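Quick one: the structure is below, questions incoming.
What you are looking at is a predicted structure, and each value in this text was computed from that prediction instead of being measured.
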Amino acid sequence: MRVKPISGFPEHLPADCLAEQELIRQIRTQYELYGFSPLETCAVERMDVLLSKGDMGRQIYGLTRAAEDDSSTDMGLHFDLTVPLARYVVQNAGQLVFPFRRYQIQKVWRGERAQKGRFKEFYQCDIDIVGRQSLDPIYEAEVPAIIDSVFSALKLPQHIIHVSDRRIWDDFAATFDIAADRLPALLGILDKTHKVGVEKVREELSQLGFGEQPVTVAMNLIACHDIASASAVLSEAGVPTTSLELLSETIENANRFGCPASAIRPDFSIARGLDYYTGTVYETFIDGYLKWGSVCSGGRYDNLTEIFGGQKFPGVGISIGLSRLFSLLKQEDLIQSEASSPAVVLVTMLDKNNYFDQYLNLARELRGAGIPTEVYFGKKGLGDQISVADKRGIPFALIAGETEFANQQFKLKDLAKSEECTGSLAELISQLQTHAATNRARFVLSGK
RNA sequence: GUGGAUAUAGCUCAGUCGGUUAGAGCGCUGGAUUGUGGUUCCAGAGGUCGCGGGUUCGAAUCCCGUUAUCCACCCCA
């Protein structure tokens, strides 16, 4: 049987796995700094739950076997982490403390044509804050501040969080008597302006029956990138600016949380998810890499649990598209995976026959001191052993033979500096612990 | 899901008009160097030319199908 990759299901070599896991660790650390609890939900959901968000049917991977197992209920893999959260919250509402703050880092699956930075299986790193009956709008400002913290901590090139608010377009639609369900079509076409040009957009919109005045106002609005000019456009057209003021407050509050004004900006062209978001919406881009699309999106949704009945659970959340982000960093050469092994030291074996147990003891001591350690068990000479450490990216080699064991003075070689020092095991351990290598980055980020 | 481009060694790629035994660099293996890697020098291994079929005396090269990758849509992280 021939083996080959499956389209859209990426796999990494160890060095990239290590780098990606390190990104996840840093994201998790930031999420926990903001007091979010971890959550993992099952990969499988009932199909009617998955379809509760809207028309995602074409993207869902259905499961044949699961349906056979469980009475005839159709099942599928989750395509995001928000729908499982909504189901989970309704199911466990009695035992959760609200507002419920959780983060969730898991793979999701979407049956779309794979492309660069677009996969069928990928990681999402979600945070959401879910209230019971109500949710203070302050959380709509906290979310972008958290994302700013995460991206700043990752030391990526500058990120820009684009924000808008669905209610601004609701006001717009009410003013011009446009049905709410026609908004996505309107924005979808408007968003293509920079590609197809103003004339083409006007033509398409007029074919769809949008009047000339609303189209002009809408085009003027999406051209705005600050509150003041947007306010002017809306006022002149007679559209209420109350929702715009809410967005303005949200941005100001995000600034108070520590998200600098340079990292967050209004963008009225965001058309994403307008069918289920009910308030603020977010899309995050890496400056200079707009072609890669949004690496982190979300918004406020008041009605996501509507279909399950019972109480309302309004929420606000956002998701980092980790697989896309990592793929961007790699392909744009913004990240270099440094090592294929997490080990900090390789215990070499000069004299396996006489000191085998002693080598194992050295390793045990090192690991006991919290130093990730690999022992060389091959049959090659010292030069090749050091070479193995080098190829794996292990920064140190511990060298011991007859003399060293006799004196209990061992050699520690720093491969990068090609320097060697001698000392007792305790001395070498403390050197390894204080050395930056123990907490060394598993990748190097360039930029910023 | 629709349309298009691409596929040669582990990697990056050459390969003329369809013509004998498909090449290079890097990497890999061995040696110079049996207690010290990276540099250098020498030698070597490694290919169903993505896969399947067709045309032809003869196919990496032309045709069809298929799979993967990339691009544009759709949509989205």
It should be established whether A:K411 places a side-chain nitrogen or oxygen under 4.0 Å from OP1 or OP2 of nucleotide B:G35. no
Give one of base, sugar-phosphate or nothing for A:G293, where a contact means two heavy atoms less than 4.0 Å apart.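 Nothing: the residue A:G293, judged by heavy atoms under 4.0 Å, touches no strand.
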A quick test of your reading: do over 12 heavy atoms of other residues, nucleotides or ligands sit less than 6.0 Å from CZ of A:R265? no
With both distances kept under 3.5 Å, what pairs with B:G1, Watson-Crick or G-U wobble?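 Partner of B:G1: B:C73.
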Answer yes or no: side-chain N or O of A:K413 and base N or O of B:G37 forming a donor-acceptor pair under 3.5 Å.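 Per atom types, the contact qualifies.
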NA contact type, A:G298, heavy-atom cut-off 4.0 Å: base, sugar-phosphate, or nothing?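 Nothing, no nucleic acid heavy atom in range.
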Under a 3.5 Å cut-off for both distances, is B:G35 Watson-Crick or wobble paired, and to whom? none
With heavy atoms under 4.0 Å as the rule, sort A:G383 into base, sugar-phosphate or nothing. sugar-phosphate
Under the 3.5 Å rule, do the base of B:A77 and the side chain of A:R110 count as making a donor-acceptor pair?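 Answer yes: a donor N or O sits under 3.5 Å from an acceptor.
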Side-chain donor/acceptor of A:S418 to base of B:G38, under 3.5 Å: yes
Report the base-pairing partner of B:G65 (Watson-Crick or G-U wobble, both distances below 3.5 angstrom), or none. B:C51
Give A:C125 one of three labels, base, sugar-phosphate or nothing, depending on what nucleic acid heavy atoms sit under 4.0 Å from its own. nothing
A:L382, nearest nucleotide to its side chain (from B:A77, B:G35, B:A68):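 For the A:L382 side chain, the nearest candidate turns out to be B:G35.
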How would you label the contact of A:K120 with the nucleic acid (heavy atoms, under 4.0 Å): base, sugar-phosphate, or nothing? nothing
Watson-Crick or G-U wobble partner of B:C28, both distances under 3.5 Å: B:G44
Is a donor-acceptor contact shorter than 3.5 angstrom present between the side chain of A:R324 and the base of B:C76?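 Present.
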Can a donor-acceptor pair under 3.5 Å be found between the side-chain atoms of A:E420 and the base atoms of B:U36? yes
Could you tell me the Watson-Crick or G-U partner of B:U56, where both distances fall under 3.5 Å? Say none if there is no partner.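 Pairing partner, where one exists within any strand: none, as none qualifies.
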With distance as the sole criterion, is a donor-acceptor pair present between the side chains of A:E283 and A:S294 under 3.5 Å? no
Would you mind classifying the nucleic acid contact of A:F119 as base, sugar-phosphate or nothing, using non-hydrogen atoms under 4.0 angstrom? base
Under 4.0 angstrom between A:Q115 side-chain N/O and B:U69 OP1 or OP2: no
Counting any heavy atom closer than 4.0 Å, what does A:E404 reach on the DNA or RNA strands: base, sugar-phosphate only, or nothing? base
Which of B:C70, B:U29, B:C75 is nearest the side chain of A:K391? It is B:U29
Test: A:D170 and A:R166 ion pair at under 4.0 Å: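 A salt bridge links A:D170 with A:R166.
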Are A:T403 and B:G35 close enough that a side-chain N or O sits under 4.0 Å from OP1 or OP2?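 So the side-chain polar atoms of A:T403 never come under 4.0 Å of the phosphate oxygens OP1 or OP2 of B:G35.
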Is there a donor on the side chain of A:T348 or the base of B:G35 sitting less than 3.5 Å from an acceptor on the other?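 When only heavy-atom distances are counted, A:T348 does not reach the base of B:G35 through any donor-acceptor pair under 3.5 Å.
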